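Handing you this structure, nothing more for now.
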Amino acid sequence: MAFADTYREQVVQSRQDRARKALFMSRIVGLMLMLLIGFVLRAEPDLRAALAEAGMNGIAKMTGRDVPTQTANAAPAQSALPRDRVKVNRGAVPNAETASQSRIDAQAEAKELGQRLKAVKVGD
């Protein structure tokens, strides 16, 4: 193999190594920037609100919709929809009388079950 061929292969190999290393480092830097932005937006609610408002205004301008301006004293609009669509069905809270009547005696239940199991014949 000639020197020129060996040199050319070494140059190609070196470029591939640098490209691989640059790709790896770009992914690391991108991940770190994403984490930094997430942390800053989570820690600064005013900045988060300002960015959300600016984004909504920009989208509204692009779609051609009119954006109402909100003042600091304006109350938020009341929605006609229910606040929470999840309904949790909880039983009525028993009072002292119904609680004592409906309470199951675990010991008596266990004895009764044991007697029924003794009465059952298994196999012949």
Side-chain angles (χ1 to χ4, degrees):
M1 219 176 183
F3 174 75
D5 294 334
T6 305
Y7 181 74
R8 190 175 302 119
E9 284 182 19
Q10 291 295 322
V11 168
V12 169
Q13 182 67 33
S14 174
R15 287 180 183 165
Q16 288 174 349
D17 290 343
R18 280 186 282 153
R20 228 178 279 124
K21 191 183 293 185
L23 180 64
F24 177 75
M25 292 305 291
S26 70
R27 288 184 178 166
I28 296 292
V29 168
L31 180 65
M32 296 300 283
L33 285 174
M34 191 171 59
L35 289 173
L36 177 69
I37 290 171
F39 176 75
V40 168
L41 288 178
R42 188 169 179 94
E44 297 290 335
D46 295 336
L47 178 63
R48 182 174 56 226
L51 284 175
E53 185 177 337
M56 289 210 240
N57 290 342
I59 291 171
K61 280 184 182 178
M62 286 178 26
T63 58
R65 296 185 181 176
D66 188 26
V67 179
T69 57
Q70 293 183 354
T71 60
N73 296 334
Q78 293 293 329
S79 174
L81 296 174
R83 209 175 101 182
D84 191 7
R85 292 186 180 199
V86 177
K87 182 179 177 187
V88 179
N89 292 325
R90 294 188 176 103
V93 178
N95 57 19
E97 292 175 15
T98 57
S100 64
Q101 291 172 356
S102 64
R103 193 172 293 151
I104 298 172
D105 185 16
Q107 191 67 30
E109 193 73 30
K111 285 181 183 177
E112 181 185 336
L113 183 60
Q115 289 172 355
R116 279 194 271 160
L117 285 174
K118 283 181 187 176
V120 173
K121 302 248 183 194
V122 180
D124 288 335

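In this chain, residues are counted from 1 in sequence order. In this text, all values refer to a predicted model and were calculated from it rather than measured experimentally.
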Got a sec, which hydrophobics cluster with Leu36, joining ILVMFWY side chains under 4.5 Å apart, including via others?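 Leu36 clusters with Ile37, Val40, Leu41, Leu47, Leu51.
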For residues 14-29, which residue pairs pass the salt bridge (charged side-chain N to carboxylate O under 4.0 Å, His left out) check, not counting sequence neighbours? Asp17-Arg20
What residue pairs, at least two apart or across chains, pass salt bridge (charged side-chain N to carboxylate O under 4.0 Å, His left out) with a residue in residues 35-52? none
Would the distance check show the side chain of Ser14 and the main-chain N or O of Val11 forming a donor-acceptor pair, the cut-off being under 3.5 Å? no
Distance from Ile28 atom CD1 to Leu23 atom CG, nearest 0.5 Å?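 Output value for this atom pair is 10.5 Å.
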Any residue meeting salt bridge (charged side-chain N to carboxylate O under 4.0 Å, His left out) with Glu112, in chain and number order, not counting sequence neighbours: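 For Glu112 the salt bridge (charged side-chain N to carboxylate O under 4.0 Å, His left out) partners, ignoring immediate neighbours, are Arg116.
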Residues that Leu35 engages under side chain to side chain contact (heavy atoms under 4.5 Å, CB included), provided they are two or more places apart: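 Partners of Leu35 under the side chain to side chain contact (heavy atoms under 4.5 Å, CB included) test: Leu31.
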Heavy-atom count check: over 12 atoms from other residues, nucleotides or ligands less than 6.0 Å from Gln16 CD?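 Yes - once you tally the heavy atoms of other residues, nucleotides and ligands closer than 6.0 Å, there are more than 12.
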Apart from Phe39 itself, its cluster of hydrophobic side chains linked below 4.5 Å comprises none
